Undergrad: 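So that we are looking at the same thing, I have put the structure below in structure tokens.
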Amino acid sequence: MTTVGILGGGQLARMMALAGAPLGLRFRVLDNVADACAGQFAPMIVGDYTDQAALAAFAAQVDVATFDFENVPAESAQWLSERVPVFPNPRALAVAQDRLAEKTLFRELGIPVPDFADIPSRQALDEAVARLGTPCILKTRRLGYDGKGQFRIKSPADIDGAWAALGAQAGSVGLILEGFVHFDRELSVVAVRGRDGEFRAWPLTENWHVDGVLSASLAPARVDPALQATALAHARTLAEALDYVGVFALELFCKDGELLANELAPRVHNSGHWTIEGSETSQFQNHLRAVLGLPLGDTRMVGLACMLNWIGVMPEASAVLREAGGHWHDYGKEPREGRKVGHATLRADAPMELADALRRVGAVLKREAQVLPVIDALR
Ligand code: AMP
């Protein structure tokens, strides 16, 4: 009997546990909140990620450990890795936790990135805004996610406001300034690398964000084969450089046919949720296969798929359940503003069929604004 330990007990851990059931796996989840939603499916240890007693109890109960949450302190991941195999490895996690280290590595590997600068001080910010020009975005290097810890500088007059909002964090989590990319579309590669180095990727996904949070994903993305090949090559280069094991997502901006890397998510990813129904093997199952050293599953798509995120409140399920290709995911979380509480995936064999399903669901749920960009993309 194999027990997989997951650090973090959110919806990603929950979907991992669900995907692991057919493989006969057991799970233990470590989270600092007692009602973490993966706890509905896997025994939990409640404790802080820096609490050595909790980490020791966790290590004693698992055969291998992985993450649902990327901001587990690197020292905790390292401590754990001295006791039980941990995938992805702590170095990959540490790089992905720091936007500056991540972008520096991308650049070293020849993966194009938006212009960026380390911002240790107010003077550095003034100089970097002058060099990068406006608009630009000041971000925390660590602990930011879903657009949090970011300030958009539209003109030099915004520098004071940006520094007032984030300057205090320059000495702690650190700050990075990025040139603003007027992208045509946002894409992600969700890929997996096995313990033996085998690499597979799902077709590129196109993503739409609202207020920095993923709203909808469409797979396959509308891109030409050369762009798809470049994106996959970047993902593979990165995974090999980090000796990465497991699933990860590389988020990309596409501008005038060129790709710029935004960030590496060292875990299963929201833009890969469609793989549960839209692909031969889901990202969750392939992540488990990778960390356990099992053969990886085929990543080919089954038709087309669109994922719609439910943020803050779960809509009524019937409109999606009524659809032939409609799939409902309620994470069992307390609704709260800004919280990811569930998603739906609509699957179809042809673009027009998917567009029609999206139109119906959007109209019933009054979510026209959410489905419209996807319908446009399917034209
Ligand atoms: P992040 O937390 O870095 O993934 O940012 C969240 C979202 O903010 C991204 O998905 C983009 O929509 C937007 N964003 C972040 N960085 C940039 C950038 N340099 N240029 C334009 N948009 C950005």
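Counting starts at 1 for both ligands and their atoms, following the listed order. Residue numbers start at 1 and run along the sequence shown. Because the structure is a prediction, the values reported are computed rather than measured.
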Undergrad: Hey, which atoms in ligand 1 end up nearer than 4.0 Å to a heavy atom of E186?
TA: 9 (C), 10 (O), 11 (C), 12 (O)
Undergrad: Return yes when C136 approaches ligand 1 closer than 4.0 angstrom through a heavy atom, no otherwise.
TA: no
Undergrad: Near K139, which atoms of ligand 1 are under 4.0 Å from a heavy atom of that residue?
TA: 3 (O), 15 (C), 16 (N)
Undergrad: Report yes or no: do S121 and Q123 form a side-chain donor-acceptor pair below 3.5 Å?
TA: no
Undergrad: Looking only at heavy atoms of K255, does any of them come nearer than 4.0 Å to an atom of ligand 1?
TA: no
Undergrad: Would you give me the side-chain donor-acceptor pairs under 3.5 Å for residues 30-39, sequence neighbours excluded?
TA:
| unit_1 | atom_1 | unit_2 | atom_2 | d |
| --- | --- | --- | --- | --- |
| D31 | OD1 | V33 | N | 3.0 |
| D31 | OD2 | G9 | N | 2.6 |

Undergrad: Who gets closest to atom 2 (O) of ligand 1 by heavy atom: Q150, K148, E178?
TA: Q150
Undergrad: Determine, considering heavy atoms only, which of W208, F253, F116 sits nearest to atom 23 (C) of ligand 1.
TA: F253
Undergrad: With atom 7 (C) of ligand 1 as the reference point, say which of G212, S188, A265 has the nearest heavy atom.
TA: G212
Undergrad: Check this for me: E258, atom CD, are more than 12 non-hydrogen atoms of other residues, nucleotides or ligands nearer than 6.0 Å?
TA: no
Undergrad: With atoms numbered from 1 as shown, which atoms in ligand 1 lie under 4.0 angstrom from a non-hydrogen atom of V181?
TA: 18 (C), 20 (N), 21 (C)
Undergrad: Given G179, P114, P135, which has its nearest heavy atom closest to atom 19 (N) of ligand 1?
TA: G179
Undergrad: Applying side chain to side chain donor-acceptor pair (under 3.5 Å) between H329 and each of H273, R14, E277, Q11, report the one that passes.
TA: E277
Undergrad: Among T3, V84, I45, exactly one meets side chain to side chain contact (heavy atoms under 4.5 Å, CB included) together with Q61. Which residue is that?
TA: I45
Undergrad: Judged by modelled atom types alone, do W202 and S279 share a side-chain donor-acceptor pair under 3.5 Å?
TA: yes
Undergrad: Say whether I137, considering both its backbone and side-chain N or O atoms, lies within less than 3.5 Å of an N or O atom on ligand 1.
TA: no
Undergrad: Which ligand 1 atoms are under 4.0 Å away from a heavy-atom of N262?
TA: 1 (P), 3 (O), 4 (O)
Undergrad: Going by the order shown, which atoms of ligand 1 are within less than 4.0 Å of some heavy atom of F183?
TA: 12 (O), 21 (C), 22 (N)
Undergrad: H209 heavy atoms, cut-off 4.0 Å: which ligand 1 atoms fall inside?
TA: 10 (O)
Undergrad: Under a 4.0 Å heavy-atom limit, does N207 contact ligand 1 with its side chain, its backbone, both, or neither?
TA: neither
Undergrad: Who are the side-chain contact (heavy atoms from CB on, under 4.5 Å) partners of P220, not counting sequence neighbours?
TA: P203, M301, L304
Undergrad: Measure from atom 13 (C) of ligand 1 to every heavy atom in E263, R152, E251 and give the option owning the shortest one.
TA: R152
Undergrad: Determine, stepwise, if the pair L80 / F58 fulfils side-chain contact (heavy atoms from CB on, under 4.5 Å).
TA: CA-CA 9 Å; L80 206 57; F58 178 77; 3.8 Å; yes
Undergrad: Verify the ring-centre separation between Y331 and H343: is it less than 6.0 angstrom?
TA: yes
Undergrad: Any sub-3.5 Å donor-acceptor pair from T281's side-chain atoms to D298's backbone N or O?
TA: yes
Undergrad: Could you tell me if any non-hydrogen atom of H182 lies under 4.0 Å from any atom of ligand 1?
TA: no
